[in-house]
> 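Dumping the structure here so I can ask a few things about it.
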Amino acid sequence: MPDWTECLNFGISIAKQAGEVVLAALQDQKDVDLKSSPADLVTETDQRVENILIFEIRKRFPHHRFIGEESVAAGGRVQLTDCPTWIIDPIDGTVNFVHRFPFMAVSIAFAVNKQTEFGIVYSCVEDKLFHAQRGRGAFLNGEAVHTSGQEDINRCVVVTEIGAERDHLSLSTMTSNIFRLLKLPVHGVRALGTAAVDMCQVATGGADAYYHIGMHCWDIAASAIIVQEAGGVVMDTDGSSFDMMSRRVIAASSLAVASHIAQVVQAFPCRRDDDDPSSTCGAESVGKL
Ligand code: IPD
Ligand code: CA
C-alpha cells in the first residue's frame, strides 16, 4: 500500500506558502470579476495562488492530476479518475477575501482511486492549519482534534452557507431550511463564508453540524476527510453516502444529528460537478464587478 505522507507533507508546506500570498494581498485594492452569479467572485490572487500551487506540485509530482476551482472556471474539466489527483481551492471564501472579512482558507485534498487520502485546510488569517490523513486522525496545528460527539439536534450549533445562488428557488429553499432548523429548535445557526473553515469547526467541536447545497468539490473535499477523521459523519443531504461531486453535504458530530438534518433540509437542483465540461457554475462568466 503506498503511503502518501510525502505528498501530505509537501501539501502542508505549499498550503502555508499559498496562505502567505493570500495574506500579503488581503489589504490591497482588488480587481474583481464575476463568475456564475453576481455573488460568485474571483480575483487575480485566486488565479495566481492556484497557478503557484499547481506549478509547485507538478514540479515535484509530474504525473499527478488536478481539479482546481480557477482552472475549471477557465474551461477546465472536473474529472476524478483513479490517478493521484489534487483537488484545489486556492481561496475558499473569496467574498470574504474581497471584503476583508477575516475567514478564508487554502483548501487542498488528494485522492487516489477516487478515495480521499488526505485533506489540508489552511485558515490563513487565523493561522490555523487543519489536516487529516485517511485512518490517522485529524489535527489542528499538529494537535489532535475531535468532534463534539453531540447526538441531540436540539443542543446543536449548526453551520451553513448561503452560497452564491441568487435565483428565487435556491434562495427560498435555503431560507426555509434555516427556518425549519431554527424551529426544531437548535441552539444556533452560523455562517462564516467559507465552507472549508465551517466544516473544520465541526471537526474541532466548535460547531456540531454543517450542511450546504450548491458548493463544489474543491470547497469541501479536504474538510470532509478532516471531519471524518475527527470522528464525525459526512453524508449527502438526502441521507445517502457522501459524494464530493453531488454539490450537497452534511457533516456532523454524530450519525443521529446528520440523519436529523437530512430529514429537515431540502435541496434545490444543482448540476453535478463532473456532469460535463461546461456544466460547473464556475465555467460561465457573468462579467465584472
Ligand atoms: C464559496 C465558499 C462559500 C460558499 C460558496 C462557495 P469560494 O467558495 O465556500 O462559503 O457559500 O458556495 O462557493 O467561491 O469562495 O471558493
Ligand atoms: Ca475559491
Side-chain angles (χ1 to χ4, degrees), residues 15 18-19 21-22 25-26 30 32-54 66-74 76 78 86-109 119 121-125 159-167 170-171 173-175 177-178 189-202 207 210-224 226 237 244-249 251 267-268 270-271 273 280-286 289:
V21 176
V22 175
L26 190 56
K30 296 166 191 86
V32 181
D33 282 327
L34 306 180
K35 296 194 287 185
S36 63
S37 85
D40 187 10
L41 312 184
V42 62
T43 69
E44 184 271 334
T45 307
D46 296 72
Q47 291 155 342
R48 185 154 51 94
V49 170
E50 182 161 318
N51 290 341
I52 293 170
L53 288 169
I54 292 178
F66 298 91
I67 296 171
E69 175 171 13
E70 307 313 336
S71 312
V72 172
V78 177
W86 298 75
I87 303 161
I88 296 173
D89 189 342
I91 304 178
D92 186 53
T94 301
V95 172
N96 288 355
F97 172 68
V98 168
H99 291 267
R100 304 190 186 98
F101 187 78
F103 298 95
M104 63 207 69
V106 178
S107 176
I108 301 175
V121 172
Y122 182 44
S123 179
C124 53
V125 177
V159 193
T160 188
E161 285 297 331
I162 310 302
E165 296 82 5
R166 293 295 181 268
D167 62 283
S170 305
L171 288 177
T173 309
M174 271 181 295
T175 49
N177 283 339
I178 293 171
V189 174
R190 304 283 185 267
L192 293 176
T194 145
V197 177
D198 290 331
M199 284 173 68
C200 287
Q201 300 310 309
V202 178
Y210 176 75
Y211 72 93
H212 194 171
I213 297 130
M215 79 297 150
H216 295 278
C217 57
W218 45 79
D219 298 316
I220 46 98
S223 46
I226 293 170
T237 57
M244 72 162 87
M245 298 295 169
S246 78
R247 317 266 314 269
R248 299 184 298 267
V249 69
F268 50 87
C270 285
R271 270 191 175 164
D273 271 334
T280 56
C281 290
E284 327 121 44
S285 168
V286 296
L289 195 63

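Both ligands and their constituent atoms are indexed starting at 1 by order of listing.
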> Give me the nearest non-hydrogen protein atom to atom 6 (C) of ligand 1 as residue plus atom name, then the distance to 0.1 Å.
D219 OD2, 3.6 Å
> Would a distance-only check, ignoring hydrogens and angles, find a side-chain to backbone donor-acceptor pair under 3.5 Å from S37 to A164?
yes
> For the residue pair D167 / S170, report whether a side-chain donor-acceptor contact shorter than 3.5 Å exists.
yes
> State, with a plain yes or no, whether a side-chain heavy atom of L53 is found less than 4.5 Å away from one of V106.
yes
> Compute the shortest N/O to N/O distance between G193 and ligand 1 and return yes if it is under 3.5 Å, no if not.
yes
> Test of geometry: compute the angle OE1(E69)-the Ca ion (ligand 2)-OD1(D89) and round it to 10°.
80°
> Using the six-membered ring wherever Trp is involved, compare the ring planes of H216 and W218 and label them parallel, tilted or perpendicular (cut-offs 30° and 60°).
parallel
> Taking the side chain from E69 and the backbone from I88, do they hold a donor-acceptor pair closer than 3.5 Å?
no
> Taking only heavy atoms of T194, which atoms of ligand 1 are found under 4.0 Å from at least one of them?
9 (O), 10 (O)
> Look at the N, O or S atoms of I91, main chain and side chain alike, and state whether any lies under 3.0 Å from the Ca ion (ligand 2).
yes
> Quick one: do the D92 and S107 side chains pair a donor with an acceptor below 3.5 Å?
no
> Does ligand 1 come near enough to E69 that some N or O of the ligand is less than 3.5 Å from an N or O of the residue?
yes
> Test your reading of the model: is there a side-chain donor-acceptor pair from D198 to the backbone of L192, 3.5 Å cut-off?
yes
> Backbone, side chain, both or neither: what part of I91 comes under 4.0 angstrom of ligand 1, heavy atoms only?
backbone
> What do you reckon, does A195 have a nitrogen or oxygen under 3.5 Å from a nitrogen or oxygen of ligand 1?
yes
> For G163 and ligand 1, does the shortest N/O to N/O distance drop below 3.5 Å?
yes
> Below 4.5 Å, heavy atoms only, C-beta onward: do Q201 and R190 meet side chain to side chain?
no
> The Ca ion (ligand 2) and D46: any N/O/S contact shorter than 3.0 Å?
no
> Of the protein's non-hydrogen atoms, which lies at the shortest distance from atom 1 (C) of ligand 1, and what is that distance?
D92 OD1, 3.7 Å
> Give the atoms of ligand 1, by number and element, whose distance to some non-hydrogen atom of D89 is under 4.0 Å.
16 (O)
> Looking only at distances, can you tell me whether any N or O atom of E161, backbone or side chain, sits closer than 3.5 Å to an N or O atom of ligand 1?
yes
> Heavy-atom distances under 4.0 Å are what count here, so tell me which part of T94 touches ligand 1: side chain, backbone, both or neither.
both
> Using a 4.0 Å heavy-atom cut-off, say whether H216 meets ligand 1 through its side chain, its backbone, both or neither.
neither
> Measure from the side-chain N and O atoms of R247 to the backbone N and O of D273, and report whether any donor-acceptor pair falls under 3.5 Å.
no
> Does V125 reach the side chain of F103, with side-chain heavy atoms less than 4.5 Å apart?
no
> Judged by non-hydrogen atoms, does G93 sit under 4.0 Å from ligand 1?
yes
> For the Ca ion (ligand 2), decide whether E70 has an N, O or S atom at a distance under 3.0 Å.
no
> Out of curiosity, is H212 lining ligand 1, as in a heavy atom under 4.0 Å away?
yes
> Before accepting this row, confirm whether a basic side-chain N of the pair R48/E70 lies closer than 4.0 Å to the acidic partner's carboxylate O.
no
